[in-house]
Each structure stands twice: as structure tokens, then as C-alpha cells.
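Treat the numbers as computed from the prediction; the structure is a model and nothing was measured. All heavy atoms count here, side chains included; hydrogens, waters and symmetry mates do not.
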Amino acid sequence: MYSNASLDFLEMLKNSKTKEPDTSKTKTNDSKAKEIGSNKLIAVIDTETNWHDEVMSIGVALADADSFKCVDTRYYIIDPEYKVGGIYSNVINYHRKNYGDKDTRNNQTEGVSNELKGVANISAPIGNSEIVCSRSEALNDIVQFLENNNIAKIFAYNAKFDYSHLKELSAFEWYDIMRLAAYKQYNRSITEEMPCCKTGRLKTNYGVEPITRMLSGDSRYCEVHNAVYDAVDELRIIELLGHALDQYSCARIN
């Protein structure tokens with residue numbers, strides 16, 4: 001049986017008309033959020049949890065709300081929760097392990113193996129800073145970071161998971177990228193041959209990795225499962241889908 005929320009979402013899918021992506025918008029290559037003239041920004045957030053289902057890392061990617069180009073990032077490692085360990089603990093220091101002191105915001109990728117270049121989106125403005133702090137310190141800093149940039153909207157893939165683990169951010173508007181990416185009404189890369197539910201949602205293979213491969217055409221792409229890298233990749237899904245922000249009204253979860 002569907003919940004009222006599910007029925008509302010299905011009704012929105014039924015009645016909505018997908019807009020064609022607007023390719024006329026000016027794109028920016030600015031590397032820092034404060035350099036965006038319009039100051040119209042959104043945030044994409046990803047979390048990784050430990051064996052106790054506690055948040056052990058948080059990645060934040062800021063993007064221009066028109067072009068969806070990443071303009072800044074933050075990465076928090078939560079102490080002591082990260083010390084418990086988790087399924088993806090081996091990549092919690094992914095950037096430092098693979099790039100050392102290199103800052104990919106300046107495209108400092110000389111000496112990085114081609115294999116790694118194929119795995120990670122090294123063109124994104126991901127710095128070499130890992131903020132190790134308590135959960136309360138991290139969330140207070142994130143709130144300040146978002147408010148300083150006049151951000152009201154947070155996006156995430158399978159957003160209910162991140163939202164349920166970050167109640168301190170419940171005052172912001174949360175949107176689930178998956179509610180567009182996994183539905184053939186919104187994702188033009190989903191072919192007729194792919195099995196879908198009656199609602200239009202793919203029956204299988206609608207996680208970040210298969211959806212990114214589908215949209216980008218890059219079969220070599222692998223999800224890192226590092227919070228900041230995954231936030232940047234989830235932002236890329238928004239960019240590749242090509243829909244304006246108003247198309248995400250049906251994806252709001254709070």
C-alpha cells in the first residue's frame with residue numbers, strides 16, 4: 001500500500017510535463033562560491049556512516065543554480081565516529097592518499113595515474129583539506145557555510161538517507177536527485193528496453209554509479225564512496241540530467 005506521500009509523488013509525476021533542458025544559460029568556471037555574481041547557489045550533500053550507522057564523514061558541494069557547475073566544496077571527518085570504522089573507511093582519506101598535497105582546484109594532476117583519473121572527477125574544485133572535528137562542530141560550520149552563501153536548497157541522491165542522518169539541517173529544503181534520475185519521464189537516457197515500474201522508475205540499477213554511467217556514457221566510472229567526491233558526482237548527475245531547478249519540485253522530501 002502506498003503512503004500519502006508516495007501517492008502525492010505519483011500524482012505529481014502523472015500531471016507534470018518535463019521541460020527540455022535550457023542550453024542557453026551562461027555557464028561559469030569560477031572556482032569559489034563568493035565569486036558568483038548572482039549568488040544563486042545550491043548545495044549537494046553526501047554522508048558516509050560507520051558500523052553503528054553513525055555519520056562518520058560529510059561532503060558538501062556548492063554549485064551555481066543555473067549551470068550546476070561546482071564552485072566550492074567542504075569535507076568533514078567526524079571524530080570520534082570515524083574511528084569505529086565502516087564499509088568505506090578505506091577511502092575516508094581518499095584525496096590525501098591519492099593526491100597528497102595536490103589541490104585539484106588548480107588541476108594539479110601531474111603524476112596521477114590514468115587509472116585514478118578514470119575513477120575520480122578530478123576536475124572538480126576538491127581541495128586537500130580534511131576537516132576533522134566533532135559532529136556538532138561540523139554541522140554548525142555547514143549551517144554557517146550555507147547561510148553565508150544564501151543557500152536554501154540541499155540536494156542528495158536517495159536524500160531520505162542523508163536527511164534522516166542530518167536532522168540539524170532539517171530547516172533547509174531537501175530534494176532527492178533520484179526522484180528524477182531514476183524515472184524515464186525525466187531521464188532521457190532510460191530506453192524502452194530497460195525494465196521500469198508503472199510509475200516510470202527503473203526496477204534495478206538506479207544507484208549513483210549506474211545512473212552516472214548511463215548519463216555520461218563513461219562505462220569506466222566508479223563511485224568512490226568518499227563523501228565529498230560522491231557529493232560532486234551527485235551534482236554532476238543534476239548537470240547531466242539538464243533540468244532547471246523548478247523541475248525538482250516533485251522531489252522535495254520535507
Please report the shortest heavy-atom distance between [X] and [Y], naming the atom on each side.
| X | Y | result |
| --- | --- | --- |
| Leu235 | Lys69 | CD2-C, 4.4 Å |
| Ile177 | Glu234 | CD1-O, 3.7 Å |
| Arg213 | Cys222 | NH2-SG, 3.8 Å |
| Asn254 | Ser170 | ND2-O, 3.2 Å |
| Cys250 | Leu180 | SG-CD1, 3.9 Å |
| Glu223 | Tyr221 | CA-OH, 3.5 Å |

Suppose we screen for side chain to side chain donor-acceptor pair (under 3.5 Å). Which residues come up paired with [X], at least two apart in sequence or across chains?
| X | answer |
| --- | --- |
| Lys184 | none |
| Ser134 | Ser136, Glu137 |
| Asn50 | Glu54 |
| Tyr75 | Asn226 |

As an exercise, state the distance from [atom1] of [X] to [atom2] of [Y], rounded to the nearest 0.5 Å.
| X | Y | atom1 | atom2 | result |
| --- | --- | --- | --- | --- |
| Leu245 | Lys153 | CG | NZ | 6.5 Å |
| Arg179 | Thr199 | CZ | OG1 | 11.0 Å |
| Asn149 | Leu62 | CG | CG | 5.5 Å |
| Met214 | Asn205 | CE | CG | 7.5 Å |
| Tyr82 | Ile92 | OH | CD1 | 7.5 Å |
| Arg188 | Leu215 | CZ | CG | 10.0 Å |

List for me each residue that meets ring pair (Phe, Tyr, Trp, His ring centres under 6.0 Å) alongside [X], sequence neighbours excluded, and say none if there are none.
| X | value |
| --- | --- |
| Tyr88 | His225 |
| Phe172 | none |
| Tyr206 | none |

Quiz prompt | Pair listing, salt bridge (charged side-chain N to carboxylate O under 4.0 Å, His left out) test, anchored in residues 140-149, at least two apart | solution =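 Qualifying pairs: Arg74-Asp141.
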
Quiz prompt | Sequence neighbours excluded, every pair satisfying salt bridge (charged side-chain N to carboxylate O under 4.0 Å, His left out) that has a member inside residues 78-88 | solution =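 Sorted pair list: Asp79-Lys83.
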
With the side chain counted from C-beta on, respond yes when [X] and [Y] share a heavy-atom pair under 4.5 Å apart, and no when they do not.
| X | Y | result |
| --- | --- | --- |
| Leu202 | Asn187 | no |
| Trp174 | Leu169 | yes |
| Ser89 | Val84 | no |
| Asn93 | Ile77 | yes |
| Ile151 | Phe145 | no |
| Arg236 | Thr212 | yes |
| Val208 | Asp230 | no |
| Phe161 | Thr49 | yes |

Please list, one pair per line, the donor and acceptor atoms closer than 3.5 Å that link side chains of residues 189-198 to other protein atoms, with sequence neighbours excluded.
| residue | atom | partner | partner atom | Å |
| --- | --- | --- | --- | --- |
| Thr191 | OG1 | Glu193 | OE1 | 3.2 |

Quiz prompt | Tyr248 and Phe155 aromatic ring geometry - parallel, tilted or perpendicular at 30°/60° bounds | solution =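 Rings of Phe155 and Tyr248: perpendicular, as their planes differ by over 60°.
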
Exercise. Walk me through it: do Ser57 and Val228 pass the test side-chain contact (heavy atoms from CB on, under 4.5 Å)?
Key: CA-CA 9 Å; Ser57 61; Val228 70; over 6 Å; no

Using a 3.5 Å distance criterion without hydrogens, assess whether the side chain of [X] forms a donor-acceptor pair with backbone atoms of [Y].
| X | Y | result |
| --- | --- | --- |
| His243 | Tyr186 | yes |
| Glu48 | Gly59 | no |
| Asp176 | Asn158 | yes |
| Asp162 | Thr47 | yes |

Quiz prompt | Residues in salt bridge (charged side-chain N to carboxylate O under 4.0 Å, His left out) contact with Arg201, at least two apart in sequence or another chain | solution =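 Scan of Arg201 (salt bridge (charged side-chain N to carboxylate O under 4.0 Å, His left out), adjacent residues dropped) gives none.
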
Practice problem: Not counting sequence neighbours, which residues clear salt bridge (charged side-chain N to carboxylate O under 4.0 Å, His left out) with Glu168? List them please. | Solution: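 If we apply the salt bridge (charged side-chain N to carboxylate O under 4.0 Å, His left out) test to Glu168, skipping adjacent residues, the hits are Arg135.
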
Practice problem: Given side-chain contact (heavy atoms from CB on, under 4.5 Å), test Leu41 with Asn150 step by step and report yes or no. | Solution: CA-CA 7 Å; Leu41 301 171; Asn150 299 321; over 6 Å; no

Quiz prompt | side-chain contact (heavy atoms from CB on, under 4.5 Å) assessment of Ile211 paired with Tyr157 | solution = CA-CA 11 Å; Ile211 289 293; Tyr157 204 93; 3.3 Å; yes

Quiz prompt | Evaluation steps, side-chain contact (heavy atoms from CB on, under 4.5 Å), between Asp46 and Val232 | solution = CA-CA 9 Å; Asp46 184 73; Val232 169; over 6 Å; no

